Every structure is written in structure tokens, then in C-alpha cells.
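All figures in this text were calculated on a predicted structure; none of them were measured in a lab.
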Amino acid sequence: MHHFQYKGDELFAEEVAIKDIVAEVGSPVYIYSRATLERHFKAMDDAFAGAPHTICYSVKANSNLAVLKTFVNLGGGVDIVSGGELYRALAVGVDPKKVVYSGVGKRDDEIAYALKTGILMFNVESEQELDRINEVAGRLNKKAGIAIRVNPDVDPETHPYITTGLKKAKFGINIERALGQYQRAESMNNLEILGIDCHIGSQLTKVSPFVDAIKKLKRLLEGVRDMGIDVKYLDLGGGLGIQYNDEAPPLPADYGSSIIEETKDLGLHLLFEPGRNLVGNAGILVGRCLYTKQGEEKNFVIVDAGMNDLARPALYGSFHGVRPVVRNQSGVIEGDIVGPICESGDFLVKDREIPNFQPGDLIAFMSAGAYGFTMSSNYNSRPRVAEVMVDGKRFEVVRERETLADLVKGESVPTFL
Ligand code: LLP
């Protein structure tokens, strides 16, 4: 459920007409609904009400400060994968003890930053990283909380680019080698073993892969406990899917009850790292039709938003629903909605039936709140677009549209030219 609905023929974000936002802020623009963000966070939090847990929102999905603050206000922690994400989360007052740090390539300076901040734990993704964290912690005279990110070799049955828990993936430590790494970690002076972690993939539309992964982790947990190591946290990552088109992912409540059932006797505090599920359907990208064009073989609607603004269709062939901001089109056509970028892969919609948009029409690309703005770039020297948050009848710009001057910020012509 989200709060982007028609009133009459006009698409609204909560109680604000989207055309009014564009009239003030321009297009393209990302628009987020606070009520939807809060609703999704609470649904996930409530799903685990029966177990000690913390929702550590995965910042990579949407790292705007307004979004982070929305979740922090509700008691959320964060899952980060860089020093930059930590900086953002701290800027909105996240409790450092609710921060988990994942990712295969943590640098020394990032490890040190996280240690000085006093984060809860590092999800360690390789044998060498374990040594590195121990060494940096020693230098700083700190103890680093760690979990080993285990690769359980479970197929999440999702897009190959967002499958992470298979043996062939670069992520985590193979479950068969994990016990040995717990043993090594136990012998290191500057580490405190706190948990076991896994994240098997993104946009999962079934509960069963999560349950399969937990079953494997439980066997590992037994071994770890047999070594006398007292683990407190079980981090189950993110990955619960959303409806983009006709998928029917489990509701958070169903995901929650299956996981609680599977973990209830373990005596562990559960951690979750949802990204997409909280923000995906809480955001849209709005663009304007510039031209229409009848190609030799098909119809094109050319808009002012491109793959640099929303990369998912180009990168994964992903589906985003399309809605006219004002429903005044007559009929439908079959074709593509494409951007201004000089690449054939620059499409937002491919080979679909779409309203017969005309130049000037505003188009909402739905379900763009996750991995939309965060994956956007300046390709083709296009300033990144504005972001707006709506709250009931009001809205505010939460990131200004970049200017032409922003495009060259930090660049210089060398003295020898
Ligand atoms: N935890 C870890 C360690 C992750 O790598 C990810 C996502 C998450 C949590 C959050 O997963 P979520 O709940 O959002 O599924 N750009 C792709 C998705 C990449 C996901 C990367 N990792 C897309 O646009 O579909």
C-alpha cells in the first residue's frame, strides 16, 4: 500500500497534487511519501514484535537525509556499506549501537571511522578482512564487534545481479569455512564476536529461501556455541521484495511469523537490513514528455528523465509502472519511454502498452524509491534531479536540483594547459 493515488484525474502524493510539486520544483523530480515510509517501517517492525529485534534500514536503497531521519525517528538503526553512508546516518542522529557495517571492501580509514563512532558490529566478509579489522582496532585501542557474514549457498530465485548468497558470489564467507573463522576471531585480541550474519539477495518474492538459510545458520550456530562463543545477534540481512508489477511477495507479517517460528528458541536478538521493502513503493520519479516519435518499427515517448536518473530498467530490465500525472490522454499506444541519453539502453519502459502521452504531459514512474536516486549519476553532464518529501498537505525539497556549476565542482584545468 502506498499513498500515490488519483483524486479524480489527478495523481496525488498524499494530499498534494503532483502537478503542483512540479510547477514549483520542476522536472524530473523524485517524490517520497512520508506516510508510506512510516507505514512500511512499522509493518516491518510490527512483524517482529514477538521477538527482540532491531530494524537496521539499508541506507544504499535511498540515502536521503529526510528518509534516514524518518526511520531514525521511529527507532530504526542502519545497515551501511561505506564511510559515506555512516556519515549520513550520523548526520541524522542514528544511535551508533544500531549500526551494522557490511560490504566486501572496507578500507582502513572506513574501519577506523566506524570504530571511533562506536558502531555495533562489522559484518565481516572475508578472512583477510577479519585480520584487518583486528589490526585497525588494535591500533586504536578498541574492541571491534563482529559478525561473520556467512554465504549459506541458498538460491533466492531473483535476478542474477542481485543474488548474493550463492557459492559463486563474492559476498560473505562460505558456510563450511565459517566455523574456522570464528575460531580465528576468538583468538584475536581486538575483536568481540557478537553475531552471525547473512544476506542472500534482493527482491525475494518467497519466504522459503530465508527459512532455508536460517536452517543452515542454525547448524553453524550450534558449532560456534560448542566452541564456547556466546553469540548475541542473528542478522538476517534484507531482501524482502515488493510489488513492481504482478509479483506477489509475502507480506512483512508473513515473513516475520515464519522467521520468528524458525528462530524462537535460539535466544538471539534479531537484526534485519531491509532496504527496498521500506522505500521502494514510497517514492516515484516524475518526468515530462518532451517529444513523441514514430520510429520505423515502433513508437517512442521521449522524456526529460533518463537512465542516469533511474538506472534500474537499463541495468536489470526492471519494470516500473507508469501513470499519467493528469489523466487526459486519449487511447493507448505500444512502445518505449526513453530518455535523452546517447545510449540505446536508455529506456525507462520497453515494449509496453502505455497511455498516448503528448509533449508536455507529466509521467510518474512508480516504485522508484529504492535504488532510484542513489544509483543516479551525472552521465551526459546532466545535473542530478531534485528530491521532495510530502507529508500530508505539505511538501519540501529535501535535495536541491544540482546546478550547472555543481557539475564542474572540484574540477580544474591544469596549469600546463
Ligand atoms: N543488506 C545487504 C548486505 C545488502 O547487500 C543489501 C542490498 C541489503 C541489505 C538490502 O537489500 P533489500 O532489502 O533492498 O533487498 N540495485 C539493485 C539492488 C541491489 C541490492 C544490493 N544489496 C536494484 O535496484 O534492484
Side-chain angles (χ1 to χ4, degrees), residues 1-7 11-18 21 30-51 53-79 89 92 94 98 202-205 207 236 238-260 270-286 320-321 323 364-374 387-396 398:
M1 229 300 280
H2 58 73
H3 292 81
F4 298 100
Q5 307 295 343
Y6 284 100
K7 292 189 185 176
L11 189 62
F12 275 64
E14 301 191 17
E15 290 165 58
V16 184
I18 286 166
I21 297 176
Y30 275 98
I31 300 174
Y32 309 127
S33 151
R34 177 185 178 182
T36 313
L37 292 167
E38 291 187 340
R39 182 192 165 94
H40 290 172
F41 183 92
K42 286 178 187 153
M44 188 64 76
D45 205 26
D46 289 350
F48 294 101
H53 73 278
T54 308
I55 306 294
C56 296
Y57 165 65
S58 193
V59 174
K60 63 176 81 67
N62 186 322
S63 58
N64 187 285
L65 296 182
V67 172
L68 300 181
K69 182 68 173 163
T70 304
F71 296 143
V72 165
N73 281 348
L74 296 172
V78 291
D79 159 52
V92 298
V94 74
K98 292 183 181 174
S202 197
Q203 184 57 10
L204 271 70
T205 52
V207 171
L236 292 170
L240 184 62
I242 62 169
Q243 185 177 7
Y244 283 100
N245 185 15
D246 52 7
E247 309 88 337
L251 293 171
D254 299 330
Y255 165 75
S257 58
S258 307
I259 289 178
I260 288 180
L270 303 178
L271 299 173
F272 296 94
E273 303 170 358
R276 188 190 318 268
N277 194 267
L278 304 192
V279 296
N281 279 322
I284 61 173
L285 171 66
V286 178
H320 289 269
R323 294 193 188 171
F365 299 94
M366 308 304 290
S367 316
Y371 308 106
F373 187 88
T374 49
E387 293 174 284
V388 163
M389 184 178 279
V390 174
D391 175 34
K393 288 188 166 58
R394 58 187 172 172
F395 69 91
E396 281 182 30
V398 294

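In this structure, the separation between CG on Leu240 and CZ on Phe272 is 10.5 Å, given to the nearest 0.5 Å. To the nearest 0.5 Å, atom OG of residue Ser258 and atom CD1 of residue Ile260 are 9.5 Å apart. A distance of 10.5 Å separates NE2 in His2 from CZ in Arg39, rounded to the nearest 0.5 Å. Rounded to the nearest 0.5 Å, atoms CG (Asn281) and CE (Met1) are 10.5 Å apart. Rounding to the nearest 0.5 angstrom, the gap separating the SG atom in Cys56 from the CG atom in Leu270 is 11.0 Å. To the nearest 0.5 Å, atoms CE (Met44) and CG (Leu74) are separated by 13.5 Å.
When atom types are taken as modelled, the side chain of Glu14 and the backbone of Ala35 share a donor-acceptor pair closer than 3.5 angstrom. In this structure a side-chain-to-backbone donor-acceptor pair under 3.5 Å is missing from Glu15 to Phe12. Here the side chain of Lys98 pairs a donor or acceptor atom with the backbone of Gly75 at under 3.5 angstrom. Tyr57 places no side-chain N or O within 3.5 Å of a backbone atom of Val72 that could act as its donor or acceptor partner. Looking only at distances, no side-chain donor or acceptor of Glu387 sits under 3.5 Å from a matching main-chain atom of Ile31. For His3 (side chain) and Ser33 (main-chain N/O), no donor-acceptor pair under 3.5 Å exists by modelled atom type. A distance-only check finds no donor-acceptor pair linking the side chain of Asp45 to the backbone of Ile55 [under 3.5 Å].
Across all their heavy atoms, Val398 and Ala66 have their closest contact at CG1-CB, 3.6 Å. When every heavy atom of Gly280 is checked against every heavy atom of Ile242, the shortest pair comes out as CA-CD1, 3.8 Å. Between Ala368 and Tyr30, the shortest heavy-atom contact is O-CE2, 3.4 Å. Closest non-hydrogen pair, Ala364 versus Leu11, comes out as CB-CD2, 3.6 Å. Smallest separation of non-hydrogen atoms from Asn277 and Pro252: OD1-CG, 4.0 Å. Annotation for His320 and Tyr244: closest pair CE1-CE2, 3.9 Å, computed over non-hydrogen atoms.
Between Asp391 and Arg394 there is a salt bridge, since at least one side-chain N of the basic residue sits less than 4.0 Å from a carboxylate O of the acidic one.
Counting heavy atoms of neighbouring residues, nucleotides and ligands inside a 6.0 Å radius, atom NZ of Lys7 exceeds 12 of them. By the 6.0 Å contact criterion, CD on Glu247 is enclosed, its count of non-hydrogen atoms from other residues, nucleotides or ligands being greater than 12.
For the side chain to side chain contact (heavy atoms under 4.5 Å, CB included) test, residues two or more places apart in sequence or in another chain that qualify with Ala370 are Ala61, Arg276, Val279.
Ring geometry for Phe41 against Phe71 counts as parallel: the plane angle stays under 30°, on a 0 to 90° scale with 60° as the upper cut. A tilted orientation is assigned to the rings of His53 and Phe48, their planes being inclined by 30° to 60°.
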Is there a side chain to side chain contact (heavy atoms under 4.5 Å, CB included) between Val388 and Glu396? Walk through the geometry before answering. CA-CA 6 Å; Val388 163; Glu396 281 182 30; over 6 Å; no
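Test Asn64, Leu278, Leu37 against Thr70 for side chain to side chain contact (heavy atoms under 4.5 Å, CB included) and you get one pass: Leu37.
For the pair Met389/Val67, a side-chain contact is recorded, criterion being any heavy-atom separation below 4.5 Å from C-beta on. Residues Leu68 and Val59 have side chains in contact (heavy-atom distance under 4.5 Å, counting atoms from C-beta outward). Annotation: side chain of Val390 is not in contact with side chain of Arg34 (no heavy-atom distance under 4.5 Å). Between Glu273 and Leu271, the closest side-chain pair of non-hydrogen atoms is not below 4.5 Å.
Between Tyr32 and Phe395, the distance separating the two ring centers is not shorter than 6.0 angstrom.
Residue pairs satisfying the salt bridge (charged side-chain N to carboxylate O under 4.0 Å, His left out) criterion with at least one member in residues 53-63, sequence neighbours excluded, are listed as follows: Lys60-Asp79.
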